[in-house]
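Heavy-atom basis, side chains included; hydrogens, waters and symmetry copies ignored.
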Amino acid sequence: MSALDGLYQEVILDHSKRPIGKGELEAAAGTLTATHHEFNPSCGDEIDLAIAVDPATGRITNLAWEGQGCSISMASASILSQLVRDDKLTVDGAEERIAAFRQMIQARGAEEPDEELLGDAVALQGVAKFVMRVKCAMLGWVALEADLKKVAAQQAGA
């Protein structure tokens, strides 16, 4: 195992042991909220991911999740939470990160991921080698994508 692989494994284990964003959503009055449940029938991983979005700025003001599953799915949700919080992502920024993460997973190591865009999420790049684990890594990201669509629908209906 290379030093980089070891570091990536350490990042995944750290996030799975001390998850960021796990808990109930706290949303300020006037924010748009959405919650989505994702389930991976192949291994039993599941997650409920909720967001709050400021309708005036499009900024995700909070993201919280509850879930159970393997260390990959839980670490991925934690890394996603940290990315949203630390980068103070807007809806557009979150969509850009989701697309970049999906591309990284689908590329199966054939191209270098944008580390500046994905942060610690690049630690999950090696998951792409294990087809049965891809959905585990994508679980939280797919839930966020669904939440963003729900928020967009709320805004369109307003």
Side-chain angles (χ1 to χ4, degrees), residues 11-12 14-107 111 113-125 127-128 131-158:
V11 167
I12 292 169
D14 187 46
H15 273 279
S16 68
K17 289 178 185 175
R18 289 178 285 288
I20 296 167
K22 193 168 187 179
E24 290 187 32
L25 181 71
E26 295 177 17
T31 58
L32 300 173
T33 61
T35 302
H36 183 76
H37 178 82
E38 271 298 312
F39 176 67
N40 182 355
S42 65
C43 68
D45 293 355
E46 59 186 308
I47 189 169
D48 289 295
L49 190 136
I51 59 170
V53 176
D54 180 337
T57 64
R59 186 163 310 284
I60 300 171
T61 58
N62 202 358
L63 180 150
W65 60 276
E66 288 288 344
Q68 59 185 18
C70 70
S71 60
I72 292 170
S73 65
M74 299 297 99
S76 186
S78 175
I79 290 167
L80 174 60
S81 297
Q82 182 178 29
L83 188 64
V84 168
R85 289 178 180 184
D86 289 355
D87 291 356
K88 296 177 177 50
L89 292 182
T90 61
V91 169
D92 291 342
E95 289 170 343
E96 180 183 20
R97 298 311 188 284
I98 293 166
F101 187 77
R102 182 173 280 124
Q103 177 60 35
M104 176 185 78
I105 295 294
Q106 291 175 346
E111 54 190 68
D114 186 340
E115 203 166 331
E116 209 169 291
L117 193 63
L118 292 173
D120 279 353
V122 299
L124 295 159
Q125 180 181 14
V127 170
V131 177
M132 293 300 292
R133 294 292 180 206
V134 167
K135 179 131 176 131
C136 300
M138 288 295 304
L139 209 61
W141 299 76
V142 171
L144 175 57
E145 189 172 45
D147 281 346
L148 295 174
K149 287 177 183 174
K150 289 177 183 179
V151 166
Q154 289 176 38
Q155 285 180 310

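Proximity of a side-chain donor or acceptor of Ser78 to a complementary backbone N or O of Ile20 within less than 3.5 Å is detected. For the pair Gln154 (side chain) and Thr33 (backbone), a donor-acceptor distance under 3.5 Å is present. The closest donor-acceptor contact from the side chain of Thr90 to the backbone of Arg59 lies at 3.5 Å or more, if one exists at all. Between the side chain of Trp65 and the backbone N or O of Glu24 there is no donor-acceptor pair closer than 3.5 Å. Looking at Asp120, its side chain never comes within 3.5 Å of a backbone N or O of Ile79 through a donor-acceptor pair. Judged purely by atom type and a 3.5 angstrom limit, Asp87 has no side-chain atom pairing as donor or acceptor with the backbone of Leu89. Judged purely by atom type and a 3.5 angstrom limit, Thr61 uses its side chain to pair as donor or acceptor with the backbone of Ala52.
Here the closest non-hydrogen pair linking Pro19 and Lys22 is CG-CD, 3.9 Å. Here the closest heavy-atom approach between residue Pro113 and residue Leu118 is recorded as CB-CD1, 4.1 Å. The two residues Cys136 and Cys43 have their closest heavy-atom pair at SG-SG, 3.6 Å. Contact record, Ser73 with Leu139: CB-CD2, 4.4 Å, taken as the closest heavy-atom pair. Summarising the geometry of Thr31 relative to Ala28, their closest heavy-atom pair is OG1-O, 2.7 Å, with the distance given to 0.1 Å. Nearest heavy atom pair, residue Ala137 against residue Phe101, reads O-CE2, 3.6 Å.
A donor-acceptor pair shorter than 3.5 Å can be found between the side chains of Asn40 and Ser42. In this structure, a donor-acceptor pair under 3.5 Å is absent between the side chains of Asp147 and His36. Judged purely by distance below 3.5 Å, without hydrogens or angles, the side chains of His15 and Gln82 pair a donor atom with an acceptor atom.
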Practice item. Before giving the answer on salt bridge (charged side-chain N to carboxylate O under 4.0 Å, His left out), spell out for Arg97 and Glu145 the whole-Å C-alpha distance, their side-chain angles and the decisive distance to 0.1 Å. Key: CA-CA 10 Å; Arg97 298 311 188 284; Glu145 189 172 45; over 6 Å; no
Practice item. Take Glu96 and Asp92 through the side-chain contact (heavy atoms from CB on, under 4.5 Å) test and state the conclusion after the steps. Key: CA-CA 6 Å; Glu96 180 183 20; Asp92 291 342; over 6 Å; no
Review point. What's the verdict on side-chain contact (heavy atoms from CB on, under 4.5 Å) for Leu49 and Thr35, showing C-alpha distance, side-chain angles and the deciding distance?
Key: CA-CA 6 Å; Leu49 190 136; Thr35 302; over 6 Å; no
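Within the model, atoms CH2 of Trp141 and CG of Leu124 stand 8.0 Å from one another, a figure rounded to the nearest 0.5 Å. With rounding to the nearest 0.5 angstrom, the CE atom of Met132 is 11.0 Å from the SG atom of Cys70. Distance check: Leu144 CG to Met138 CE gives 10.0 Å after rounding to the nearest 0.5 Å. Taking CD from Glu38 and CG from Asp45, the interatomic distance works out to 11.5 Å, rounded to the nearest 0.5 Å. Note: Ile47 CD1 to Glu66 CD = 9.0 Å, rounded to the nearest 0.5 Å.
Looking at heavy atoms from C-beta onward, Leu25 lies out of side-chain contact with Ile51 at the 4.5 angstrom threshold. Contact annotation: the side chain of Met104 never approaches that of Glu111 to less than 4.5 Å [non-hydrogen atoms, C-beta and beyond].
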